[in-house]
Structures are given as C-alpha cells and as structure tokens.
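Below is one structure, written out as structure tokens, with a few remarks after it.
Order of listing sets the numbers, starting from 1, for every ligand and every atom in it. Heads up: numbering here begins at 1 and tracks the sequence.
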Amino acid sequence: MEVSEARMKKTVLAKAVPAAALLGLVLWGGLPLLRHRHFDIPVVKGPGVTAVLRLSEFSPGLKGTSGDTNVYVLQGRDPGGKALIMGDTHANEPEGMLAAVIFIENAIVEKGTLYVIPFFNNSASRNTRPGDGYPLYFDVATDWGRRRFRFGNRDASPLDQWPDPDVYIHYPDRQLLSYIDVRNTNRTWPGRVDGPLMERVTFGAMELMRREKIDVAVDIHGAETMFPVTNCIVAPDSSVKIATLASLTVKAMEGFENHVEMSPSGFRGLSHREIGDHGPSLPFLLEAPIPFLDQPTGPKTTRFLLDGKDPFLLSLSKKKKLFVPYGEDGWPLEKRVGQHTSVTLEIFRQFSKKTAARPIAVRGVPRYAEVVKSGVGRFLADPAKAAPGGVVMN
Ligand SMILES: [Zn+2]
C-alpha cells in the first residue's frame, strides 16, 4: 500500500512538472502577443479633422468586430473633390500608415474633403509573424519623446477570421486565389456585405466611395527591393494619366524616382483594379521600397525596419539583384514616408488640374525633402498635449 502511494505521488509529480513548465512557456510566449493585440494607438485630431466615423457605418457586418476601424474626415473650407487615403492595408508596411497619420495630424484642407483610414486592416495590425521574428512594436523618435506603434502582419489574424478555405474563390469573378488571400485586404476587393470579415472591410470602403462620391482613392504600401513592383504607382487605365504626370513631376521637381505600373486587368481582388471597376473613384496604389520585407536579410530588428540598412541586400545590389538603387544608407523610413506624402499630394494636384470643377487643395502636409530632412517624428503630434477630446484611439 505504502509503496503504491509513493509511486502514485511520483507519477503525479512527473506529470505536473512538465504541465506547469508547458503552461509557463505558453504564458511567456502568449502574454506579449495578447498585450500587442490589445495595444491601442492614439492619433491626434489635427487642425483639419472635422469628424471621425467608423467603417461599420458603411458595412454593418463590421460592427463590434476587430475588422471595424476609424475613418477620419477632413472637410475643407470650400467645396471641391473628395479623396480617400488608406494605410495599413498590409500592416507590416508601416510607411503607409505613417503617411496617413501625418495627413490626419497636419493637413488643412482648403478645397474638397479628405477621408483617411490609417489602420485599414485593423485585425492585421494586431497580428504578427512570430516565425519570422517580427518585432511587435516600433518607436518613432519625435521632438517630445517616442511615439509607439504596433507592427502588424500582411494578413488578418486567424483569431478574427477562421478557418481559411482550401482555395479562396474571389467575389464576384470566381478567380481562384491562394487560401491565405481570404485574409489579405489587397485581394478581397470589392468585397461583400455578408462575406468573410476582410470582404466586409473592403466592402465598407467601396460603400464609402460610392455614397460619398470619392474621386481619388490612394492605397499606400511598401514592397521588397527584390520585387519588380516597387517604388512605383500602380494604376489602371482610368488613372494612369494622372499617375504618369505625378511620377514625372516628383522626379523633375523633387528628385526621386517613382515609376508607373499598369494594373493588370486579369488579376482580381486588388484595390487598384476593383476600386475603379466597382465604384466612382480613380484608384492609385503607392509602393515604396521596404528592405525589411526582403527575404535574404539579417535579423528583422526594429532598427532595420526603420533605417532599411542591410549588408546582404547591399551585396545583392552590387550583383544587380535589386529593382531599386541601394547604397550604404539603405532605404530609411523618412525617405519612404516622404515619397508617399509627396506622391499623394501630387496626385491631388494633378487631379485638380485635370478636373477644375472638383479641386482638392491641401496644405500643411510635408513633402519628400522636408520629411527626409527633419524625420517622420517631426510631423507626429504629442497626444499628451492634445486638446480635451482631441485624441482618438485606434
Ligand atoms: Zn502591400
């Protein structure tokens, strides 16, 4: 009897110790992910913000889900055209989100109205890619301290949209796409009111564009230096003329490259294709090179995310394997964000020249040279110094 009791105690202990160790490991690994998922980012309502809407007002199936997100409205002093700016379609390409936040916190709209969605794929911005060792946050240095942002993933979290199909059948064209694209908000356009969550996100933006009669839609991204569609504006037939004029003008006036890529008509689900095919807006997808996303690089550190410097890419550049010039100074965040603010402003200017009855005139947003010189942080407001009610959490 005594012997068997001792043996039982031993067996229980032999099971309890590894179980406790496993639980400890799960908590140690899981708690930072849980905190990241619930970490909210303050955005200060700049001098031009006149309202903050929710995307669920245009797509009711988003209400109460983590697909819902803020839509900042900057209604101008005088009437004019309307533009939509989207960042974080891919939440591991933060230059788009930062350009969008700079518009919200700095823009003064003189003619027309801006709609800005800085965290378009909110679920993806609360997701990560642990297998690739992604950092969960990054800090941007400002004049008053550090401003912290979530670093997300390309796709929505499976916690929000699950399970994935074997193959994603695009709506409405029935083109067969990769299973993972059902969580990629640059494959789920134009979306459905009752589709999977990410289709409800893109449907919300389509409805906003249709109801508010948006003229220009700018979807801002980053892309690998080893991927040919980088450092460019992707545009379909309807917007290619404005894209070309914007590209030539920034090159001549501001000295940086940004070529134009035609949107392929046979590849479905992309913003630059479906927005124009299913609504009134002229679509533009902006890409700036983000070395962090390339595969043959050193560790994926926050520093690398910000400065874009990597010795492996430098040696590949010497072997002519990259699609952009790449030197010792890498491709820093301020260059990427500056390109995006300049190209966006130039698209508005070219649209306004071509469509005089619907001008979009914005001031207060820094262009390329200013962002490169002063850094991104110079144009980020201090949430602690905002007026009461002047901060919106995202
Ligand atoms: Zn992207």
Checklist entry - Can you name the N, O or S atom of E93 that is closest to the Zn ion (ligand 1)? => result OE1

Next on the checklist: Ring-plane angle category for Y137 and F39, please: parallel below 30°, perpendicular beyond 60°, tilted otherwise.
Outcome noted: perpendicular

Next on the checklist: Under a plain distance cut-off of 3.5 Å, with no hydrogens placed, do D155 and Q161 share a side-chain donor-acceptor pair?
Outcome noted: no

Next on the checklist: Please give the atom name: the N, O or S atom of H90 nearest to the Zn ion (ligand 1).
Outcome noted: ND1

Next on the checklist: For N/O/S atoms only: which one belongs to H221 and is nearest the Zn ion (ligand 1)?
Outcome noted: ND1

Item to check | Whether W189 and F120 hold their rings parallel, tilted or perpendicular, with breakpoints at 30° and 60° | outcome: parallel

Next on the checklist: Less than 6.0 angstrom from the centroid, inside 45 degrees of the normal: does K300 satisfy that with respect to the ring of F292?
Outcome noted: yes

